[in-house]
Amino acid sequence: MRLATWNVNSIRTRVDRVVDWLERADVDVLAMQETKCTDAQFPMMPFAALGYEVAHVGLNQWNGVAIASRVGLEDVEVGFTGQPTWSSKPEEEATAEARALGATCGGVRVWSLYVPNGRTLADPHYAYKLDWLAALRDTAAGWLKEEPEKPIALVGDWNIAPQDEDVWDMAVFDGRTHVSEPERAAFRAMHDAQFTDVVRPFTEGPGIYTYWDYTQLAFQKRRGMRIDFILGSPGLAARVTGAEIVKDERRPKKGTTAPSDHAPVVVELG
DNA sequence: ATGGTGGGGTACCCA
């Protein structure tokens with residue numbers, strides 16, 4: 001089974017590129033972030049034509065997460081049921097932001113996650129980001145307490161560069177979000193909760209990224225960030241046989257729409 | 001040069 005995550009930056013704009021990649025990538029499950037549409041606006045037909053079922057949550061033009069699967073799509077769940085401390089915001093607001101969608105696909109519990117950006121260290125969104133991550137850790141740890149062997153994948157845009165080598169120039173990021181110590185501690189805490197990065201062992205840096213800013217020719221200048229991750233529970237990590245970052249999908253192509261600013265990340269499970 | 005490029009929308013906000 002091949003499981004992928006991709007921040008698509010608007011599925012309505014990008015659907016042709018996403019579906020074109022799916023046709024070639026032999027991916028069974030694709031988690032998407034930043035779909036930027038409502039459920040009614042999500043372009044289901046191109047996915048259905050390739051044999052994928054899709055679950056989506058997005059209540060407005062911001063955010064929105066989805067899971068497309070051709071190996072079953074069961075127990076679809078928005079946010080974390082039974083976790084009122086899911087975020088520092090009221091539950092209905094957190095749901096409206098549509099940052100987490102779970103489903104069981106081919107026996108694997110998959111969560112498509114769009115971690116809050118944080119904006120700046122002084123912004124209330126930064127505190128919200130840390131609260132969100134703490135709630136995610138506590139919730140995920142609870143799942144493993146119930147079922148230690150359960151294969152669970154926490155995939156998506158984490159908006160954290162956990163190591164210095166995960167950004168093209170640490171000096172540029174001094175004092176900014178994504179590299180701050182509290183954010184990195186939150187990412188390490190996921191590992192302490194037994195959810196480990198299953199992609200990095202197959203894609204060692206430095207210079208290996210999943211995101212390149214649209215501005216200042218960042219992609220052409222190889223100025224990127226590694227912020228998209230697949231974290232696996234022990235039961236999932238034991239099955240991983242390979243992983244890749246599909247950098248080619250970040251490349252502009254003549255005669256087609258612009259690429260997303262993120263590349264897909266894929267993990268292979270035995 | 002306080003820029004650049006994208007997406008959402010239709011005035012700017014967000015990444």
Pick the P atom in B/dT10 and in B/dC14, then give their distance to the nearest Å.
16 Å
So, are A/Arg200 and A/Asp166 salt-bridged, with charged N and O less than 4.0 Å apart?
yes
If you measure only the distance, is there a donor-acceptor pair under 3.5 Å linking the side chains of A/Asn117 and A/His125?
no
Report the residues that fulfil salt bridge (Lys or Arg N to Asp or Glu O under 4.0 Å) with A/Asp26, sequence neighbours left out, ordered by chain and then residue number.
A/Arg70
For residues 236-270 of chain A, which residue pairs qualify under ring-ring contact (aromatic ring centres under 6.0 Å, His included), counting only residues two or more places apart or in two chains?
A/Tyr211-A/His262
Going by atom types only, do A/Arg109 and A/Ser233 share a side-chain donor-acceptor pair under 3.5 Å?
no
Qualifying side chain to side chain donor-acceptor pair (under 3.5 Å) pairs with a residue from residues 29-40 of chain A, counting only residues at least two apart or across chains
A/Thr5-A/Gln33, A/Asn7-A/Glu34, A/Asn9-A/Lys36, A/Gln33-A/Ser112, A/Glu34-A/Tyr114, A/Thr35-A/His56, A/Thr38-A/Gln41, A/Asp39-A/His56
At under 4.0 Å between heavy atoms, how does the protein contact nucleotides 5-15 of chain B? Give one character per nucleotide, 5' to 3', with B, S or -.
BSBSS---BSS
Step through it carefully: locate the ring centre of A/Phe47, locate the ring centre of A/Phe42, and say whether they are under 6.0 Å apart.
yes
Roughly how many Å apart are B/dG4 and B/dA15, using the C1' atom of each and rounding to a whole number?
14 Å
Using atom P of each nucleotide, how far apart are B/dG3 and B/dC13 to the nearest Å?
14 Å
Which pairs, with at least one residue in residues 9-19 of chain A and sequence neighbours excluded, count as a salt bridge (charged side-chain N to carboxylate O under 4.0 Å, His left out)?
none
Secondary structure string for DNA chain B (Watson-Crick or G-U under 3.5 angstrom, | for other-strand pairs)
....((((...))))
